[in-house]
There are 2 protein chains.
Amino acid sequence: MTVRRRGAALEDSILEAAWTELMSVGYARLTMEGVAARAQTGKQVLYRRWRNRAELVITAVRHHIGSVADQIPDTGELRSDVLAVLQRMTQRQRDLGPEILHGLMAEAPDLAPEFLTVIDGVMTTLLEQAEKRGELKVTDLPVRVVTLPADLLRHEMLLTRHPIAEKPLVDIVDQVFLPLVRASISSKVSD
Amino acid sequence: MTVRRRGAALEDSILEAAWTELMSVGYARLTMEGVAARAQTGKQVLYRRWRNRAELVITAVRHHIGSVADQIPDTGELRSDVLAVLQRMTQRQRDLGPEILHGLMAEAPDLAPEFLTVIDGVMTTLLEQAEKRGELKVTDLPVRVVTLPADLLRHEMLLTRHPIAEKPLVDIVDQVFLPLVRASISSKVSD
DNA sequence: CTCACTAGAGACGCATCGTCTCTTATGACT
DNA sequence: AGTCATAAGAGACGATGCGTCTCTAGTGAG
């Protein structure tokens with residue numbers, strides 16, 4: 001070993017090695033030793049930075065695919081905005097695959113709550129945009145309805161092993177979300 | 001060792017040992033060796049019957065808490081029927097705890113689809129009962145809406161680490177499911 | 001009473017964990 | 001330029017659990 005890396009350069013190498021390892025052997029069979037070997041470094045270097053597999057992998061995943069909240073759609077219509085968000089979510093699931101998702105869910109307890117708050121924020125923004133356009137009143141909607149499209153999609157991701165097609169997304173929006181939004185508006189009138 | 005067990009007696013001992021082990025150390029730290037030791041038998045006896053940890057645990061769980069479909073509520077009203085099913089689901093989740101649920105989901109790919117079909121059948125029965133009473137027409141409802149209460153609850157179970165209270169169940173039924181059922185009926189009229 | 005079957009027990013080789021140790025490259029500070 | 005604390009690279013280490021294999025001796029069927 002002639003050159004010895006440090007700081008960010010080293011960390012990037014490790015995260016990239018972890019990602020490659022993740023893609024080639026999956027989560028269940030990813031080992032700290034494997035990552036260290038691929039990154040041409042020692043295990044101790046990994047354990048100095050992450051307490052376990054799960055934390056390392058989460059960092060690696062975040063490092064490679066950003067957050068759904070990174071860019072919020074604004075198409076001028078609530079329906080297509082929501083659909084766009086759901087599509088972004090499925091894209092991320094496709095990148096990871098179900099095995100990694102389940103593995104992380106089982107081993108990283110802190111991950112799930114974060115999913116919730118992130119999407120919550122995004123959906124709230126979408127609804128505020130719609131409200132500004134006069135499509136609806138945000139206050140009409142129970143929180144449960146606001147997070148519902150993402151919740152249903154997430155459920156689908158966790159319970160099926162295959163990547164999710166376009167149809168379920170459309171169904172969620174058209175058969176569940178939008179009817180509820182409409183019902184909420186008309187019930188407000190009859191109050 | 002004086003007495004040597006066989007057949008069902010032996011199998012029951014093992015399943016009970018597995019359950020006890022599950023309750024005392026959780027799923028992640030349950031080992032085949034631990035179960036064998038507690039059941040006072042050898043590992044080979046386990047491997048003769050189950051291919052791995054996940055299958056053994058699934059059998060043990062089924063052996064101790066039956067299926068949601070074991071008894072289908074019939075209270076005379078759709079709302080309370082659905083609530084009763086959701087309550088039975090949360091009861092089972094309480095018995096298991098989130099850690100076991102996640103562990104099994106990650107390691108036993110065949111488990112998830114089964115959840116889906118079981119609840120699907122139960123909900124369909126509830127709706128047929130309601131239809132017989134004249135509460136609604138089953139054909140009005142998209143499949144997505146039929147499975148929706150269970151789907152949402154399952155989502156909640158998988159994403160929160162604590163047992164689920166009564167309120168979310170009521171919210172799911174009153175803020176999401178029933179409004180959709182009603183909307184579906186009235187939209188049918190205006191078709 | 002005999003015998004095929006398999007329970008009970010644990011040794012085995014392998015993989016991986018997380019810790020520890022050792023040498024030596026590196027960059028910050030004189 | 002020279003010194004030095006720091007941490008990188010490498011791998012040995014004991015522990016643990018996997019899944020397989022082997023051996024013996026209960027046990028129920030006939």
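Owing to the predicted nature of the structure, the values given are computational and were not obtained by experimental measurement. Lettering follows sequence order; numbering is per chain, from 1.
Contacts of B/Arg53 with the nucleic acid, taken as non-hydrogen atoms under 4.0 Å apart, involve only primed sugar atoms and P, OP1 or OP2. Here B/Arg51 lies out of heavy-atom contact (under 4.0 Å) with every strand.
Counting only distance, with no hydrogens or angles, the side chain of A/Arg53 and the backbone of A/Tyr27 share a donor-acceptor pair below 3.5 Å. For the pair A/Arg49 (side chain) and A/Val45 (backbone), a donor-acceptor distance under 3.5 Å is present. No donor-acceptor distance shorter than 3.5 angstrom exists from the side chain of B/Glu21 to the backbone of B/Arg38, with no hydrogens or angles considered.
In this structure, CZ of B/Arg38 is placed 16 Å from P of C/dG8, rounded to the nearest angstrom. Between A/Arg5 atom CZ and C/dG27 atom P there is a gap of 13 Å when expressed in whole angstrom units. Atom NZ of B/Lys43 is separated from atom C1' of C/dG10 by 9 Å (rounded to the nearest Å). Rounded to an integer number of Å, the gap from CD of B/Gln40 to P of C/dG10 is 11 Å. When rounded to the nearest whole Å, the span between CZ of A/Arg48 and P of C/dT21 equals 14 Å. Distance A/Gln44 CD to C/dG18 C1': 9 Å, rounded to the nearest Å. Put simply, OH on A/Tyr47 is 4 Å from P on C/dG18, counting in whole angstrom units. Taking atom CZ on A/Arg49 and atom P on D/dG9, their separation rounds to 9 Å, with Å as the unit.
For the residue pair A/Thr75 and A/Asp81, a side-chain donor N or O sits within less than 3.5 Å of a side-chain acceptor on the partner.
A sub-4.0 Å separation between OP1 or OP2 of C/dG27 and a side-chain N or O of A/Arg6 is absent. Between B/Thr41 and C/dG8, a side-chain N or O to OP1/OP2 separation shorter than 4.0 Å is present.
Linking ILVMFWY side-chain heavy atoms closer than 4.5 Å, directly or via other members, places A/Val118 and A/Leu83 in two distinct hydrophobic clusters. Under the 4.5 Å side-chain heavy-atom criterion for grouping Ile, Leu, Val, Met, Phe, Trp and Tyr, A/Val181 is connected to A/Val170 within one hydrophobic cluster.
Near DNA chain D, defined here as any heavy-atom distance below 4.0 Å, the residues from residues 9-37 of chain B are B/Thr31, B/Met32, B/Glu33, listed numerically.
A donor-acceptor contact under 3.5 Å links the side chain of B/Arg4 to the base of D/dA25.
B/Arg62 has a carboxylate O that lies under 4.0 Å from a charged side-chain N of B/Glu114, or vice versa, which qualifies the two as a salt bridge.
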